Amino acid sequence: DSGGMYVGEYYDNMPDLGSSSEVVVVPGIVTDGIDASLAEWGRITGRVTGPDNQTPLAGIRVTVHRYSSWSDVWYSADETLTRADGTYLVSALQPGVARLQFEDPAGSFVSEYYNNSNSFEDSTEITIPWGPIEDINAALATRNPVAPVAGDLRSTGSGSLELDFTESHEEVTRPGH
């Protein structure tokens, strides 16, 4: 499969040549019953939007974290970026348990893990089957801007410094307020 959607195999459902069954072919005789049915690799699709659940977010990094029972650790197995319409596809995944992380490399939106979690430990595990798992979506919150604080630093003359905060007269408007 040149498109990478199906898992390759050797005759009689074997993963490698060493464990496959030999097929004897005799010239002039049709060898019947040598068929194969390929399994699809696991793949995850979804859409990432802004906080309104409508506005698509492009360029969001989607990372698939996998669990290794052999070494008892989670590791970053694969990642992709969302397209202009906010959709993403991570393909050629082995079946098993995973957790997804959504990050904005530009920093305009708050990162999260699948199912609206702000920590890896509290995120929802996804079981990846052979074939597709769809609609693993995220709506990222807008990062709140930090307003600068006005202050005046001056020496007290005794080797100490004094910081005088002055009240800002600028009005700061936050979305939704």
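Being a predicted model, the structure only gives us computed values, none of them experimental. In this chain, residues are counted from 1 in sequence order.
Contact between Gly59 and Pro105 at its shortest, heavy atoms only, is O-CD, 3.3 Å.
Summarising the geometry, atom OH belonging to Tyr88 is positioned 10.5 Å from atom CZ belonging to Arg83; distances are rounded to the nearest 0.5 Å. Rounded to the nearest 0.5 angstrom, Glu40 CD and Leu93 CG are separated by 12.5 Å.
In this structure the side chain of Val62 reaches within 4.5 angstrom of the side chain of Leu100, judged on heavy atoms.
Thr82 places a side-chain N or O within donor-acceptor distance of the main-chain N or O of Leu57, the cut-off being under 3.5 Å.
Relative to the six-membered ring of Trp74, Arg66 misses at least one condition, a distance below 6.0 Å or an angle of at most 45° to the axis.
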**Prompt:** Can Asn137 and Tyr114 be said to form a side chain to side chain donor-acceptor pair (under 3.5 Å), step by step?
**Reply:** CA-CA 8 Å; Asn137 303 321; Tyr114 175 60; over 6 Å; no
**Request:** Start with the C-alpha gap between Thr87 and Asp85, add the side-chain angles, then the distance that decides, and say whether side chain to side chain donor-acceptor pair (under 3.5 Å) holds.
**Result:** CA-CA 6 Å; Thr87 61; Asp85 64 356; 2.6 Å; yes
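In this structure, the ring of His65 has its center less than 6.0 angstrom from the ring center of Phe120.
Partners of Thr127 under the side chain to side chain donor-acceptor pair (under 3.5 Å) rule, at least two apart in sequence or in another chain, do not exist in this structure.
Around CG of Asn118, the count of heavy atoms belonging to other residues, nucleotides or ligands within 6.0 Å does not exceed 12.
Grouping the Ile, Leu, Val, Met, Phe, Trp and Tyr side chains by contacts below 4.5 angstrom, directly or via other members, places Tyr113 apart from Ile128.
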